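Here is the structure we will look at, set down as structure tokens.
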Amino acid sequence: MSRNVVVTGGGTGIGYEVARRFAESDDHVVIVGRRRAVLEKAAADLGPNVTPLVCDLADPDDVEAVLRELPERIDVLVNNAGSRETVAGGGPHALLARWRGDFERNVMTVVLLTESVRDRLTPGAGRVVTISSIAALRGAGSYGAAKASLHAWNHFLAAQLGPSGITANIVAPGTVAGTEFFGPRLDEAEVSRRAARTLLGRIGETGEVAAAVHFLASPEAGFITGEILHCNGGELLGR
Ligand SMILES: NC(=O)c1ccc[n+]([C@@H]2O[C@H](COP(=O)([O-])OP(=O)(O)OC[C@H]3O[C@@H](n4cnc5c(N)ncnc54)[C@H](OP(=O)(O)O)[C@@H]3O)[C@@H](O)[C@H]2O)c1
């Protein structure tokens with residue numbers, strides 16, 4: 001049966017591959033992001049099952065507006081949108097901007113939408129999958145702290161949705177190539193450095209994270225909830 005799927009940040013990187021997997025399974029996929037042109041190009045590439053919706057998920061007015069456009073029944077919500085705040089410096093103003101920025105970009109983008117659509121999640125079958133990061137367990141300052149807070153929140157969400165037969169899980173990727181996340185910072189030397197930290201000796205691909213998301217969103221994963229699935233080539237335990 002075809003499902004209604006919402007993928008935030010579905011215009012690029014990991015989210016694009018997630019959207020592709022669902023679209024190829026004949027699901028109806030809404031991809032959400034801030035840049036209209038990026039979303040429209042992605043939707044055109046991915047085919048008629050994919051609909052673009054423009055929204056800044058950290059902005060409550062935008063989220064309120066986008067609720068009118070989203071399906072009344074949502075089978076799968078993939079909270080993938082996120083980014084890193086780049087404000088530098090150690091003074092209180094810079095610290096506040098960086099921490100607020102990372103929480104807005106990585107926590108509010110998830111919480112505002114999920115809490116707003118929770119009554120639309122299909123009882124008995126609904127799935128929420130949220131992307132955090134290995135940074136939630138291995139530091140990375142305000143970005144890691146923001147991603148880590150999603151783990152605590154997800155456990156709470158899973159407990160609340162459990163009685164309705166809806167699951168909520170996290171996928172926590174290590175370094176993944178082929179996305180806009182790092183920009184030019186992920187040069188050859190940085191890739192080698194990060195690859196050396198894994199047990200597989202390489203960084204990940206977007207499709208590998210998308211496969212983990214697709215599994216957790218599948219009907220077969222109905223007894224898995226409140227979990228964190230690590231997808232990092234063994235980097236968490238390291239060499
Ligand atoms: N790449 C990695 O190595 C890695 C590792 C661990 C975790 N992650 C996480 O994986 C997720 C996907 O990242 P990615 O690597 O695929 O990077 P990406 O290509 O930059 O994808 C992020 C997507 O989120 C969208 N987005 C960001 N802020 C948004 C907002 N406020 N409202 C709506 N959409 C927003 C962006 O589109 P617009 O700019 O058009 O809004 C973009 O399409 C993120 O949560 C990231 O933290 C990535």
Side-chain angles (χ1 to χ4, degrees), residues 8-15 32-36 38 54-67 77-118 128-160 168 170-177 179-187 189-191 193-194 196-197 203-204 209 226 228 230-232 235-238:
T8 72
T12 65
I14 293 168
V32 184
R34 291 167 299 185
R35 290 167 297 168
R36 181 177 300 281
V38 169
V54 176
C55 174
D56 180 347
L57 292 162
D59 179 337
D61 290 333
D62 254 25
V63 173
E64 217 157 51
V66 89
L67 292 177
L77 170 62
V78 181
N79 289 310
N80 161 79
S83 59
R84 190 157 189 179
E85 178 58 67
T86 53
V87 173
H93 288 98
L95 280 167
L96 185 62
R98 188 157 67 246
W99 279 75
R100 270 197 182 144
D102 269 324
F103 271 76
E104 277 178 16
R105 288 159 183 263
N106 295 289
V107 181
M108 299 328 300
T109 49
V110 173
V111 173
L112 291 185
L113 183 66
T114 307
E115 299 290 351
S116 301
V117 302
R118 55 191 292 165
V128 181
V129 183
T130 298
I131 306 295
S132 76
S133 169
I134 193 171
L137 292 110
R138 290 194 60 162
S142 49
Y143 173 74
K147 290 295 197 188
S149 79
L150 291 175
H151 294 186
W153 168 80
N154 183 68
H155 188 260
F156 171 74
L157 181 72
Q160 290 191 317
I170 297 260
V171 172
T175 304
V176 177
T179 87
E180 296 181 353
F181 183 79
F182 290 99
R185 281 180 294 147
L186 197 62
D187 58 16
E190 185 63 12
V191 167
R193 199 178 69 78
R194 286 168 177 264
R197 293 202 303 234
I203 62 170
V209 181
I228 301 163
H230 298 284
C231 185
N232 55 44
E235 183 183 347
L236 194 56
L237 296 178

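Here the structure is a predicted model, which is why all the values come from computation and not from measurement. Numbers for residues simply follow the sequence, beginning at 1.
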ask   = Stepwise, does the side chain to side chain contact (heavy atoms under 4.5 Å, CB included) test hold for L137 with H151?
value = CA-CA 10 Å; L137 292 110; H151 294 186; 3.9 Å; yes
Roughly how far apart are [X] [atom1] and [Y] [atom2], rounded to 0.5 Å?
X	Y	atom1	atom2	answer
N154	S132	CG	OG	9.0 Å
W99	E85	CH2	CD	13.0 Å
R105	K147	CZ	NZ	11.5 Å
R34	T109	CZ	OG1	9.0 Å
I134	L236	CD1	CG	5.0 Å

ask   = Are T179 and T12 close enough, and set up right, to give a side chain to side chain contact (heavy atoms under 4.5 Å, CB included), and what steps lead you there?
value = CA-CA 7 Å; T179 87; T12 65; over 6 Å; no
Any idea which heavy atoms bring [X] and [Y] closest together, and the distance?
X	Y	result
V87	A94	CG1-O, 3.8 Å
V110	N106	CG2-O, 3.5 Å
S149	A146	OG-O, 2.8 Å
F103	S142	CE1-O, 4.2 Å
L186	A177	CD2-CA, 4.5 Å
P173	I14	CG-CD1, 4.4 Å

Ignoring hydrogens and angles, tell me if any N or O in the side chain of [X] forms a donor-acceptor pair with the backbone of [Y] under 3.5 Å.
X	Y	value
D62	D56	yes
S133	A172	no
R197	E235	no
T8	A81	yes
D102	Y143	yes
N79	V128	no
N232	T175	no

query = Given the rule in the salt bridge (charged side-chain N to carboxylate O under 4.0 Å, His left out) test, do R185 and E190 qualify, once you have shown the distances and angles that lead to the verdict?
reply = CA-CA 7 Å; R185 281 180 294 147; E190 185 63 12; over 6 Å; no
More than 12 heavy atoms from other groups under 6.0 Å of CZ on R36 = no
key: R100 atom CZ, neighbour heavy-atom count above 12 within 6.0 Å   = no
ask   = Testing T130, V107, I170 for side-chain contact (heavy atoms from CB on, under 4.5 Å) with W153, which one passes?
value = T130
